[in-house]
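Below you'll find the structure, written out as structure tokens, and then a few comments.
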Amino acid sequence: MKTVGLYKTICAAAVAVVMCACGSAGDVVAATAESDLDTVACFSDIVEERAASVRVEASGKVFTYKDEPIVPSDFTVAEKIELLKINAPVEEKIEYVDMCLQKGADYKTALSMCFPLLPRFTDRIAETVNVAPVDAAVVYKNGKFGVTREKSGVALDENKLYAGIYFCFKFGETGRTLKADTVTVPPAVTAKELSGNLTLRSEYKTDYKTSTAQRAHNVSLALSKFDGLSVAPGQRLSFNTVVGDRTEENGFRKAKIIVDGKYTDGVGGGVCQASTALYNAALTAGLAATANAHSICPSYCPPGLDAMISSFSDLVITNTTAHNIYISVRTGNGAAAVKIFGEKQDVEVVPESVVTNVVPHRQTEILDAERKYFGADAVKGDRLIVSPGKDGMASETYLNYYKNGTLIRRTLIRQNSYKPTPCVVAVAP
């Protein structure tokens, strides 16, 4: 292996000698093609005893190589040309090639010692012959992932071609036409491999039928940003980065949002239900996911399984599998379903929410002096619950891992505290 490496170094030096002697690669070309290679003049003041030449047929074209002597630019270059037998009679050049072959060099490396422009000739043939393989790919259409078929490529069988050229030169078969053979180049990714890594890992459904039209729009719009996305192994997926700013310019509408334990109007209300759906789908798919809790527990998920989104709070999902994962989202009729596909999961992941403490909510009465809640026929002292209130709580969230129906691991992933919200009662004046 060390000998071959040395030959390759010498071969590179041979090409460098040619470049120095000629000024540039375009000043002398020892290979011409009858079809599309440029024809250049030889140096008439150098006489060859017997020129080595060969023709190669490839893809309907014929390429002709004719070895030509090289005029050195100075004594140093001349010395190197002499050492490498570049301008020697073909018999001496082949003797030198044979010596290289005996010491372990391959045909290309050995021939390139004495015929330094031969690789440029074969490279031109390869450009005509080679067809790159096409990898299989995952495509997404009409809410479904599919796989395109792969295609094999072809490449010039370089070793066989150089072997043929060697025997032509060695046995003086000047002008002989060789047929350039090819080898099959397999694709790096096959449809079978991709299909095997496109199984359903998780599905999470969320319902927002009771939401206002504006809020429902926001949930659907945010989730639609993830429909058809793929995430590479080790890649981190940021909810805020994908969805962007929740502004009216970006299509979001005003709806109720939670701020410091209270519901208030804000652009993008409902987006947190979208992030929560994605978060739970990621957890059950066995992916790494980090999220923050709301100040009060939302009604659309158990405690500790919400994903609060804001300008300072993000949901980040990391693909911890060895292959791509793919996300599909379907929305409509006040509901959404998030599916995650990827390599087959060998365990079932089940989130568990445990309430460890409850903080009772209190009741607050407000006098409805403006009669926002009561009509003119209301009797003084009548009461109406405006907001039912909700207990605060502390919770712990676990991930339970099951294999063949047996619990094999239980991991604590979150501890959260939620504020209570008061029960608001309006009193008729």
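Counting begins at 1 with the first residue of the sequence.
Residues Tyr373 and Ala426 come closest through the heavy atom pair CD1-CB, 3.6 Å. Contact detail for Asn218 and Gly269: the closest heavy-atom pair is ND2-O, 2.9 Å. Residue Ala307 comes nearest to Ser275 through the heavy atom pair O-OG, 2.6 Å, listed as atom of the first residue, atom of the second, then distance. A pairwise comparison of heavy atoms in Leu221 and Asn250 identifies CD2-O, 3.8 Å as the closest pair. Here the closest non-hydrogen pair linking Glu150 and Ala136 is CB-N, 3.6 Å. Heavy-atom minimum distance, Gly164 versus Leu178: C-CD1, 3.6 Å.
Residue Arg414 holds its CZ atom at 8.5 Å from CG of Leu283, rounded to the nearest 0.5 Å. Within the model, atoms CD1 of Ile340 and CG of Leu229 stand 11.0 Å from one another, a figure rounded to the nearest 0.5 Å. Note that CG of Asn357 is 14.0 Å distant from OH of Tyr418, once rounded to the nearest 0.5 Å. The distance from atom CG of Leu117 to atom NZ of Lys66, rounded to the nearest 0.5 Å, is 15.0 Å. Rounding to the nearest 0.5 Å places CD of Glu352 at 10.5 Å from CG of Leu412. Tyr300 OH to Asp207 CG: the interatomic distance, rounded to the nearest 0.5 Å, is 13.5 Å.
Residues Ser224 and Thr331 fail the side-chain proximity criterion, which asks for heavy atoms closer than 4.5 Å. Looking only at side-chain heavy atoms (C-beta outward), Val338 and Phe226 stay at 4.5 Å or farther from each other. In this structure, the side chains of Lys93 and Asp67 come closer than 4.5 Å at one or more pairs of heavy atoms. Side-chain contact check for Ser328 versus Asp227: some heavy-atom pair is nearer than 4.5 Å. Residues Pro420 and Asp391 have side chains not in contact (no heavy-atom distance under 4.5 Å, counting atoms from C-beta outward). The shortest distance between side-chain heavy atoms of Leu287 and Asn319 falls below 4.5 Å. The shortest distance between side-chain heavy atoms of Arg201 and Glu343 falls below 4.5 Å. Contact check for Ile86 versus Pro116: side-chain heavy atoms found under the 4.5 Å cut-off.
Under the 3.5 Å distance criterion, with hydrogens and angles disregarded, no donor-acceptor pair is assigned to the side chains of Tyr162 and Asp106. For the residue pair Arg362/Thr364, the side-chain donor-acceptor check at 3.5 Å is satisfied. Thr122 and Tyr65 are not linked by any side-chain donor-acceptor pair at a separation below 3.5 angstrom, with hydrogens and angles left out of the test.
The number of heavy atoms from other shown groups lying within 6.0 Å of CD (Glu370) does not exceed 12. Within 6.0 Å of NZ on Lys390 lie more than 12 heavy atoms contributed by other residues, nucleotides or ligands. Lys179 NZ: 12 or fewer foreign heavy atoms inside a 6.0 Å radius. Heavy atoms of other residues, nucleotides or ligands lying less than 6.0 angstrom from CZ of Arg236 number 12 at most. Under a cut-off of 6.0 angstrom, the local environment of CG in Asn404 is sparse, with at most 12 non-hydrogen atoms contributed by other residues, nucleotides or ligands. Remark: Arg410 CZ is packed, more than 12 non-hydrogen atoms of other residues, nucleotides or ligands lying under 6.0 Å away.
Taking the ring centre of Phe252 as origin, the terminal cationic atom of Arg246 falls outside the region bounded by 6.0 Å and 45° from the ring axis.
The main-chain N or O of Lys108 is found under 3.5 Å from a side-chain atom of Ser112 such that the two form a donor-acceptor pair. Counting only distance, with no hydrogens or angles, the side chain of Ser353 and the backbone of Pro303 share a donor-acceptor pair below 3.5 Å. For the pair His323 (side chain) and Leu194 (backbone), a donor-acceptor distance under 3.5 Å is absent. In this structure, the side chain of Thr356 engages the main chain of Ala394 through a donor-acceptor pair within 3.5 Å.
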**Study point:** His294 and Met308: CA distance, side-chain angles, deciding distance, side chain to side chain contact (heavy atoms under 4.5 Å, CB included) verdict
**Key:** CA-CA 5 Å; His294 292 80; Met308 190 266 288; 3.5 Å; yes
Review point. What do the steps show when you test Asn292 against Phe312 for side chain to side chain contact (heavy atoms under 4.5 Å, CB included), and what is the final call?
Key: CA-CA 10 Å; Asn292 297 310; Phe312 56 85; over 6 Å; no
Exercise for review: Test Ser230 against Tyr140 for side-chain hydrogen bond (donor to acceptor under 3.5 Å, both in side chains), laying out the working first.
Suggested key: CA-CA 10 Å; Ser230 65; Tyr140 189 65; over 6 Å; no
Point to revise | Pair Ile317-Val231, side chain to side chain contact (heavy atoms under 4.5 Å, CB included): steps then yes or no | key: CA-CA 9 Å; Ile317 297 170; Val231 184; over 6 Å; no
Point to revise | Stepwise ring pair (Phe, Tyr, Trp, His ring centres under 6.0 Å) test for Tyr204 and Tyr279 | key: CA-CA 9 Å; Tyr204 185 85; Tyr279 174 61; 9.4 Å; no
Point to revise | Verdict with reasoning, Ile81 to Val77, per side chain to side chain contact (heavy atoms under 4.5 Å, CB included) | key: CA-CA 6 Å; Ile81 289 176; Val77 173; 3.9 Å; yes
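Between Phe169 and Phe115, a ring centre-to-centre spacing shorter than 6.0 Å is recorded.
Taking the six-membered ring where the residue is Trp, Phe145 and Phe341 present perpendicular rings, their angle passing 60° and hence far from 30°.
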